[in-house]
Amino acid sequence: MSNGAKIVLEVAEAEFNRFAEAMDLDINTEGMSADEKRDFTVQRDRLVKAIQSGSLLVNDNGEHVYTPQRAGEDVKAITFFEHTGASYLAMDRQKVGEDMARLFSTMAHVTKTSSGLFSKMKNSDLKVCMAIITLFLA
């Protein structure tokens with residue numbers, strides 16, 4: 001292990017794969033374009049790194065539970081529940097072209113929180129949350 005990692009890479013990758021299976025995500029890179037494969041790899045690596053650090057866990061239901069690292073003491077762990085149809089409809093409540101608002105709305109729905117929680121996050125924490133949602137939407 002390096003860089004202060006608490007969990008070895010192989011275990012973190014296995015946890016990521018368990019999450020993908022539980023959420024019925026297709027993570028097979030065969031058939032992806034070069035750009036899609038690159039984008040997927042960036043998101044996967046970001047989540048594996050967060051798992052290694054111990055800030056991102058996969059619970060017994062296969063859901064990601066993220067504890068923001070740069071937030072105030074009042075911020076608790078955030079659970080990313082499995083998407084439903086309403087999760088996708090949450091995106092439609094925002095105007096076309098308001099991509100961040102659509103993304104934040106979807107994150108709020110999936111975590112059963114508010115979009116304001118994500119708007120106050122530091123960038124490093126927000127990137128992890130966005131990686132989780134991006135995998136759901138891919």
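Predicted, not measured: the structure shown is a model, and the values here were computed from it.
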Exercise. Under 4.5 Å between side-chain heavy atoms, hopping through other hydrophobics if needed: is there a path connecting Leu57 to Leu47?
Worked result: no
Problem set entry | Qualifying side-chain hydrogen bond (donor to acceptor under 3.5 Å, both in side chains) pairs, either residue in residues 8-19, two or more places apart | Glu15-Arg18
Exercise. CZ/Phe81 to CG/Asn61 distance, rounded to the nearest 0.5 angstrom?
Worked result: 8.5 Å
Exercise. Is there a chain of hydrophobic side chains (I, L, V, M, F, W, Y, each step under 4.5 Å between heavy atoms) that links Phe16 to Leu9?
Worked result: yes
Exercise. Any donor-acceptor pair under 3.5 Å linking the side chain of Ser55 with the backbone of Ala50?
Worked result: yes
Problem set entry | By side chain to side chain contact (heavy atoms under 4.5 Å, CB included) - contacts of Ser119 (at least two apart) | Phe104
Exercise. Is the shortest heavy-atom distance from the side chain of Asp125 to the side chain of Lys120 under 4.5 Å?
Worked result: no
Problem set entry | Joint hydrophobic cluster, Leu126 plus Ile133, side-chain heavy atoms closer than 4.5 Å | yes
Exercise. About how many Å separate OG of Ser105 and CE of Met100, when rounded to the nearest 0.5 Å?
Worked result: 12.5 Å
Exercise. What residues, two or more places apart in sequence or in another chain, satisfy side chain to side chain donor-acceptor pair (under 3.5 Å) together with Asn28?
Worked result: none
Problem set entry | Ser124 side chain near Gln69 side chain, heavy-atom distance below 4.5 Å | no
For this session: Apply the test side-chain contact (heavy atoms from CB on, under 4.5 Å) to residues Thr79 and Asn59: give CA-CA distance (whole Å), side-chain angles for both, the deciding distance (0.1 Å), then the verdict.
Result: CA-CA 9 Å; Thr79 300; Asn59 68 17; 4.3 Å; yes
Problem set entry | By side chain to side chain contact (heavy atoms under 4.5 Å, CB included) - contacts of Ala12 (at least two apart) | Ile7, Val48, Ile51, Gln52
For this session: For residues Val65 and Leu56, determine if any side-chain heavy atom of one lies less than 4.5 Å from a side-chain heavy atom of the other.
Result: no
Seminar exercise, completed: Residue set satisfying salt bridge (Lys or Arg N to Asp or Glu O under 4.0 Å) with Glu63, at least two apart, ordered chain then number -> none
Exercise. side-chain hydrogen bond (donor to acceptor under 3.5 Å, both in side chains): which pairs involve residues 39-49, sequence neighbours left out?
Worked result: none
Exercise. Atom NE2 in His83, atom CG in Leu135: separation rounded to 0.5 Å?
Worked result: 10.5 Å
For this session: Check side chain to side chain contact (heavy atoms under 4.5 Å, CB included) between Glu21 and all other residues, then give those that pass, not counting sequence neighbours.
Result: none
For this session: Let me see the working for Thr84 and His109 under side-chain contact (heavy atoms from CB on, under 4.5 Å), right down to the final yes or no.
Result: CA-CA 9 Å; Thr84 65; His109 187 273; 3.7 Å; yes
Problem set entry | Interatomic spacing from CD in Glu82 to CG in Asp24 - rounded to 0.5 Å | 7.5 Å
Exercise. CG of Leu103 to CZ of Phe118: how many Å apart, nearest 0.5 Å?
Worked result: 9.0 Å
Problem set entry | Residue pairs fulfilling ring pair (Phe, Tyr, Trp, His ring centres under 6.0 Å) with at least one residue in residues 18-59, sequence neighbours excluded | Phe19-His64, Phe19-Phe136
Exercise. Does Asp35 have any salt bridge (Lys or Arg N to Asp or Glu O under 4.0 Å) partners at least two apart in sequence or in another chain, and if so, which?
Worked result: Arg38
Exercise. Who passes side chain to side chain donor-acceptor pair (under 3.5 Å) against Ser115, sequence neighbours left out?
Worked result: none
Seminar exercise, completed: Rounded to the nearest 0.5 Å, the OH atom of Tyr66 sits from the CD1 atom of Ile78 at a distance of 8.0 Å
For this session: Would you name the heavy atoms of Ser114 and Ala108 that are closest together and state the gap between them?
Result: C-CB, 3.5 Å
